[in-house]
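Written out below as structure tokens is the structure these notes cover.
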Amino acid sequence: PVAKRAVAEVAQHDKVPRPVGFLPPPPPCPGKIRHFKI
Amino acid sequence: VPAAPSAPLGCDDPESEAAAEVAVSYINGHSHHGYKFALNRIENIRVVPQGLNNDIIFLELDLLETTCHILSPTPLANCTVRSFEQHAVEGDCDVKLQRLNGKLSVLASKCHSRADSGEDIIQLCPDCPLLASLNNTEVLTAVTAALSDHNSKTTDAYLRLIEIGRAKITSYPAHTVSVEFAVAATNCSAKAAKDNVEACQLLPDDQSNFGFCTAVMITHPSQDLRVDCQLYGHQVPTPDIPFFSRPGVTYSQPGQDTS
């Protein structure tokens, strides 16, 4: 049987800090408007 | 372990733009009426893998009408997109492509074009003239008068009307009808046509010579008519896309579907 190996809780100080003001990437679609929007 | 699925394509990714370029070229190359369309926005893209180096791509495109008639040999890159004030016409297209070993080909396309709403234009530009119906009596009168005027003055071939592209009617400061229409040279000189116009037929595809005319007819308070017709010269027709082969008027109404 495959037992899931317990993963030691990552020590607090090891967590990668999120940069302040982290913005999600722009949505992939719709794309840019090249002329104007009707 | 199967390769992890590639991240979904963004609408502004180079691969998406390459697919859109192939799609727009196909749409313009297979359209027989109206004007060329340019890409305004990639609304959405969906890639469905079919196997190794074989994808089906579904594109949703937002296009805008340009000032180049579809029969014009002008490269699309040199065609100006009609401005909002000129009463723009938008095209919404769904296109299915295949990318096989990196080569893109269009499997199907369906487009719907529609003119911008008159209310929107008047709201932002009260003096901008709006598109008139191509069946409007004044429009037909202006086109007939303009073509007749050109044929009565030219020393070149007698021209026949292929289709009316667009028309506008303004009432201020003068009652003015502005029209744009596509024409084709016939096998007659304008002089010979005066004797027997029925004998004047469009040239066969291998000699066809299309052109485009713009005209402005003022009917009140004064009378004036200005016509400018330019022939494109003989273009080698693309074999699988028959050019127009008969005289007569067909209308390219914005708001038409093409597949």
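Nothing here was measured: the structure is a model prediction, and the numbers come from that model. Throughout, protein chains are lettered first and strands after them, A, B, ... in sequence-line order, and every chain is numbered starting at 1.
For Arg82(B), the part lying near chain A is the backbone, with the side chain staying farther off; criterion is any non-hydrogen pair under 4.5 Å. Contact annotation for Ser117(B): neither backbone nor side-chain heavy atoms come within less than 4.5 Å of a heavy atom of chain A. Looking at Glu60(B), there are no atoms closer than 4.5 Å to chain A (heavy atoms on both sides), in backbone or side chain. For Asn44(B), the parts lying under 4.5 angstrom from a heavy atom of chain A are both the backbone and the side chain.
Within 6.0 Å of CD on Gln98(B) lie more than 12 heavy atoms contributed by other residues, nucleotides or ligands. Counting heavy atoms of neighbouring residues, nucleotides and ligands inside a 6.0 Å radius, atom CZ of Arg46(B) does not exceed 12 of them.
Counting all heavy atoms, side chain and backbone alike, Pro30(A) lies closest to Cys11(B) at C-CB, 4.0 Å. Residues Val89(B) and Ile38(A) share a closest heavy-atom pair of C-CD1, 4.2 Å. The nearest pair of heavy atoms linking Cys29(A) to Gly10(B) is SG-C, 4.3 Å. The minimum heavy-atom distance between Phe36(A) and Val81(B), with the atom names listed, is CE2-CG1, 4.2 Å.
Considering CD1 of Ile42(B) and CD1 of Ile33(A), their distance stands at 12.5 Å, rounded to 0.5 Å. One distance of note links CZ of Arg41(B) with NE2 of His35(A); it measures 13.0 Å at 0.5 Å rounding. Here Lys37(A) contributes atom NZ and Asp62(B) contributes atom CG; the two are 3.5 Å apart, rounded to the nearest 0.5 Å.
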Enumerate, atom names and distances included, each donor-acceptor pair closer than 3.5 Å involving a side-chain atom of residues 168-175 of chain B, sequence neighbours excluded.
residue   : atom : partner   : partner atom : Å
Lys168(B) : NZ   : Gln86(B)  : O            : 3.0
His175(B) : NE2  : Glu138(B) : OE1          : 3.4
His175(B) : NE2  : Glu138(B) : OE2          : 2.6

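Between the side chain of Asp12(B) and the backbone N or O of Lys32(A), at least one donor-acceptor pair lies under 3.5 Å.
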